[in-house]
Amino acid sequence: MCDTNTRRILTFPAIRPCESVSPATLLSSLITLSNTISSYKLKPMYTNARTARDSLRLVGNILVFLQEIRQDDPTPSSTFLLSLSELHFVFQKLRFLLEDCTRPDARVWMLVRSEKVSNHFRAIFRSISVALDVLPLDSLKISVELKEFIGLVKNQASNSNVMVRPEDQLTLDHLRSVLDQLELQMAPDSNKLKRVLDYLGISGWSECNKEIKFLESEIGSERSGNKKSDLGILCSLMGVMIYSRCTVFTVIDCDKTPISGDSYSCNHNQFVKSLNLDDFRCPISLEIMSDPVTLTTGHTYDRSSIEKWFGSGNLTCPKTGEKVSTSHLVSNLCIRSIIKQYCLEKGISMAGPDGGSRNREVTRATTGGSVAAEAGIKMAVDFLVDRLVFGTKEAKYKACYEVRLLSKSSTFNRACLVEAGVVPSLLDLICFRNPKIQENAMASLLNLAKYSKTKKVLVENGGLELILEVAQNGFKMEARQHAAGTLFYLASVDEYRDIIGKIPRSIPVLMELVLDGTDRCKKNALVAILGLLMYSENHWKALAAGIVPLLIDLLRSSHQCEDLVTDSLAILATLANNPDGTMGILSCGALHVILDVVGSTTTSKESREYCVALLLAMCTNGGADVVRVLVSNSSLMGPLYSLLTEGGSRASKKASSLIRILHEFNEKNASSATRRPVQFQEQFVDVW
């Protein structure tokens, strides 16, 4: 059975029972499946409810028949097994369909697809009728009443009048009217919008938010596919629901969980963090898989690569050479989700099937997906900006949270928010003496800072000092963490690196967060410092502030997560590029600490690459004394040769350079040692 957590809505990946399955096993499985389907009668349905309940009654009647014949232990015939097998196959589809009809987060989408849902029910009823029609009732030792009963059930299935309910159709008409108004840049009719929400049971902020999360997921799946036939309507519905969440529901009626993605998390998903990028490469193309599919052999490949393999006449698994029974490709949504999450955390671009991810990203950044979606989001943004300025404390709090959500989800949303003038209002609110408002406002600014035009607006409105104040004295550590993350994005601009560096407290404040913050806070502060060091004038300021001892202490802490180690090494490698930085690092006794990191079996490849860059710079600027220590460390050569073959091009070159320096030092010493005894012997001979 397909994992329902990875199945897209209104898809029915049913599997026909194996031909060799025993009659008793097949009958028992069919009864279990029927009981599962019957359990859906307890769940609320908002569209196609009448037809869904008709299907439940139909399955309930068939279940009575199945339980009766199991007791009689019938002698199976080929037509009997064929009928049960077909029923099992159809019942799987019905279970998937009923699961979709009862989903609490897809009510709007199921309303829009009500005609399609009716067609699915119609096809299922027809298939049930056919399966019952071939059932050999005369060969079964059952009562005449039971035979008549199943005959009535068959007629019920074949004569079912499946159609969209008038109430569903009326609500759908109201929704289409709302969409039409948005396309005309008009505010939706509040009465019609309220009727749609009420009919679907969307009575609160949390229920509306669930609909938005579902639509976001579907839009992501649609964008990554080839057809994209539903993309426009999905985006339009997203615009309607965002407008509703922001303007209709004035109270957030749920406990808000932390919003992932505001900054880099060291503790987030340790399983994903333990994986290597090479785990996600297609065995054929050696590129990161964008659309992983699994063969019957159990091995996973990128769809485009394996399709080319099959297209060339190869009907074998490339890894095992085993002949595959079918060229049917099953999407591995679990692997795809892990790759997406890994790439998001590591900042890696995840290319699409045609390699054109960059162009698609640009399109996604400049549009909302449809005219109605853009209008709905812009109207919602205008509403929120007004609440940020003129609302009550409660209204400001909700508006801040809404801006945080919107600014996290897409570049288009960020552009709308910045153009509507939200940044100055958020800067005012990070000074607000309310911890929750300050945190949400700061998180919003962090998300908005990812948009290029935000940075200039932030600086021109005096945002640097305000953000540094939050980083130093924010009410909550989360707010300080978001402030550090915002400084990281600002430090991506050359001009602002200089401006931030000239503020005396900037680097000390970030160092304080590295010392006392949570792991997420430390991460944000470290990458912000690294960004500032891209401007060479900030190097001596960091050295004067005592950055090196702080980082060495952090490296000595065995409990630190790998990302903090990597970022610390990156900063040290940057500082070591100039002689003063090298001397500062050596004076803290860092050389042996770095060698311990290189030799550790738990050190990541990325950290090792920074270690090699750091050691190479120290050899260049520190001279023979540093080289002598490295030569005496016998465990260093193994990691260096490993990077020669497994590291990236830059890391490989640095490892090669370091190996050459060590070999030259050894050869020089060896030749000196050889010459000295020879000279002594010659002198001895002369004297003799």
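Side chains are part of it too, since the values below use all heavy atoms of this structure and drop only hydrogens, waters and symmetry mates.
Between Asp382 and Lys378 there is no salt bridge, since no side-chain nitrogen of the basic residue lies less than 4.0 Å from a carboxylate oxygen of the acidic one. Under 4.0 Å is where a charged nitrogen must lie from a carboxylate oxygen, and between Arg497 and Glu537 no such pair does.
Considering every non-hydrogen atom in both Lys522 and Val514, the closest pair reads NZ-O, 2.7 Å. The shortest heavy-atom contact between Gly369 and Arg223 is CA-NH2, 4.4 Å. Val565 and Leu555 get closest at one heavy-atom pair: CG1-CD2, 3.8 Å. The shortest non-hydrogen separation linking Leu569 to Ser607 is CD1-O, 3.6 Å. Here the closest non-hydrogen pair linking Gly584 and Val548 is O-CG1, 3.8 Å. Here the closest heavy-atom approach between residue Glu439 and residue Ala479 is recorded as CA-CB, 4.0 Å.
Atom OG of Ser244 and atom CH2 of Trp205 lie 13.0 Å apart (nearest 0.5 Å). Rounded to the nearest 0.5 Å, atoms OG (Ser221) and CD1 (Ile219) are 10.0 Å apart. Between the CZ atom of Arg480 and the CD atom of Gln438 there is a distance of 10.5 Å, given to the nearest 0.5 Å. The CG atom of Leu429 sits 6.5 Å away from the CD1 atom of Ile437 when rounded to the nearest 0.5 Å. Taken to the nearest 0.5 Å, the CZ atom of Phe488 stands 10.0 Å off from the CG atom of Leu446. Taken from CD1 in Ile552 to CD1 in Ile585, the straight-line distance is 7.0 Å, to the nearest 0.5 Å.
Under the 3.5 Å distance criterion, the side-chain polar atoms of Asn524 are left unmatched by any main-chain donor or acceptor of Ala484. Side-chain atoms of Arg107 come within 3.5 Å of backbone N or O of Gly201 as a donor-acceptor pair. A donor-acceptor distance shorter than 3.5 angstrom exists from the side chain of Lys455 to the backbone of Ala449, with no hydrogens or angles considered. When atom types are taken as modelled, the side chain of Glu211 and the backbone of Val108 share a donor-acceptor pair closer than 3.5 angstrom. With hydrogens and angles ignored, the 3.5 Å screen pairs no side-chain donor or acceptor of Asp105 with any backbone N or O of Lys213. A distance-only check finds a donor-acceptor pair linking the side chain of Asn447 to the backbone of Arg404 [under 3.5 Å]. Distance alone, capped at 3.5 Å, places no donor-acceptor pair between the Gln472 side chain and the Leu468 backbone. Checked by atom type and distance alone, the side chain of Ser506 pairs as donor or acceptor with a backbone atom of Ile500 at under 3.5 Å. Of the possible donor and acceptor atoms, one in the side chain of Glu222 sits under 3.5 Å from a partner among the backbone N and O of Ser229. Side-chain atoms of Glu374 come within 3.5 Å of backbone N or O of Gly368 as a donor-acceptor pair.
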| task | Decide yes or no on side-chain contact (heavy atoms from CB on, under 4.5 Å) for Ile467 and Leu458, but give the supporting numbers first. | result | CA-CA 9 Å; Ile467 293 167; Leu458 274 170; 4.2 Å; yes
| task | Walk me through it: do Arg520 and Glu478 pass the test salt bridge (charged side-chain N to carboxylate O under 4.0 Å, His left out)? | result | CA-CA 9 Å; Arg520 295 183 69 175; Glu478 290 82 0; over 6 Å; no
| request: Assess whether side-chain contact (heavy atoms from CB on, under 4.5 Å) is satisfied between Met110 and Tyr46, documenting all intermediate values. | output: CA-CA 9 Å; Met110 292 298 287; Tyr46 297 93; over 6 Å; no
| query | Please walk me through it: do Arg113 and Asp230 pass salt bridge (charged side-chain N to carboxylate O under 4.0 Å, His left out)? | reply | CA-CA 11 Å; Arg113 285 288 175 260; Asp230 291 331; 2.5 Å; yes
| Full working for side-chain contact (heavy atoms from CB on, under 4.5 Å) between Glu465 and Arg505 | CA-CA 10 Å; Glu465 283 287 0; Arg505 64 170 170 168; 3.1 Å; yes
| said: Run Glu402 and Lys398 through salt bridge (charged side-chain N to carboxylate O under 4.0 Å, His left out) and show every step you take. | reply: CA-CA 6 Å; Glu402 293 284 5; Lys398 181 181 182 293; 2.9 Å; yes
| task | Report the C-alpha separation of Asp100 and Arg7 in whole Å, then their side-chain angles, then the decisive distance to 0.1 Å, and conclude whether the salt bridge (charged side-chain N to carboxylate O under 4.0 Å, His left out) test is met. | result | CA-CA 10 Å; Asp100 293 339; Arg7 178 183 66 88; 2.8 Å; yes
| message | One pair to check against side-chain contact (heavy atoms from CB on, under 4.5 Å): Phe432 and Lys393. What are the steps and the verdict? | response | CA-CA 10 Å; Phe432 208 74; Lys393 185 172 78 171; 4.1 Å; yes
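Remark: the Asn209 side chain and the Arg245 side chain contain an N/O donor-acceptor pair separated by less than 3.5 Å. Side-chain contact check for Ser444 and Ser407: no donor-acceptor pair (N or O, by modelled atom type) lies under 3.5 Å. Side-chain N/O atoms of His539 and Asn578 include a donor and acceptor closer than 3.5 Å.
In this structure, the side chain to side chain contact (heavy atoms under 4.5 Å, CB included) partners of Asp189, at least two apart in sequence or on a different chain, are Gln181, Asn191, Lys192. The side chain to side chain contact (heavy atoms under 4.5 Å, CB included) check on Arg387 picks up Phe383, Ala395, Ala399, with sequence neighbours excluded.
In this structure, the side chains of Cys431 and Leu466 come closer than 4.5 Å at one or more pairs of heavy atoms. Looking only at side-chain heavy atoms (C-beta outward), Thr47 and Thr171 stay at 4.5 Å or farther from each other. Residues Val240 and Val196 form no side-chain contact, since every pair of their non-hydrogen atoms from C-beta on lies 4.5 Å or further apart. Using a 4.5 Å heavy-atom cutoff, the side chains of Thr454 and Arg414 are not in contact. At least one side-chain heavy atom of Ile9 sits under 4.5 Å from a side-chain heavy atom of Phe214. Counting heavy atoms from C-beta outward, Leu182 and Val371 have side chains that stay 4.5 Å or more apart. Within the 4.5 Å cutoff, the side chain of Lys436 has no heavy atoms near those of the Phe475 side chain. Side-chain contact between Val493 and Leu490: absent, with no pair of heavy atoms (C-beta onward) separated by less than 4.5 Å.
Atom NZ of Lys476 has more than 12 neighbouring heavy atoms from other residues, nucleotides or ligands inside a 6.0 Å radius. Residue-environment remark: NZ (Lys541) exceeds the threshold of 12 foreign heavy atoms within 6.0 Å.
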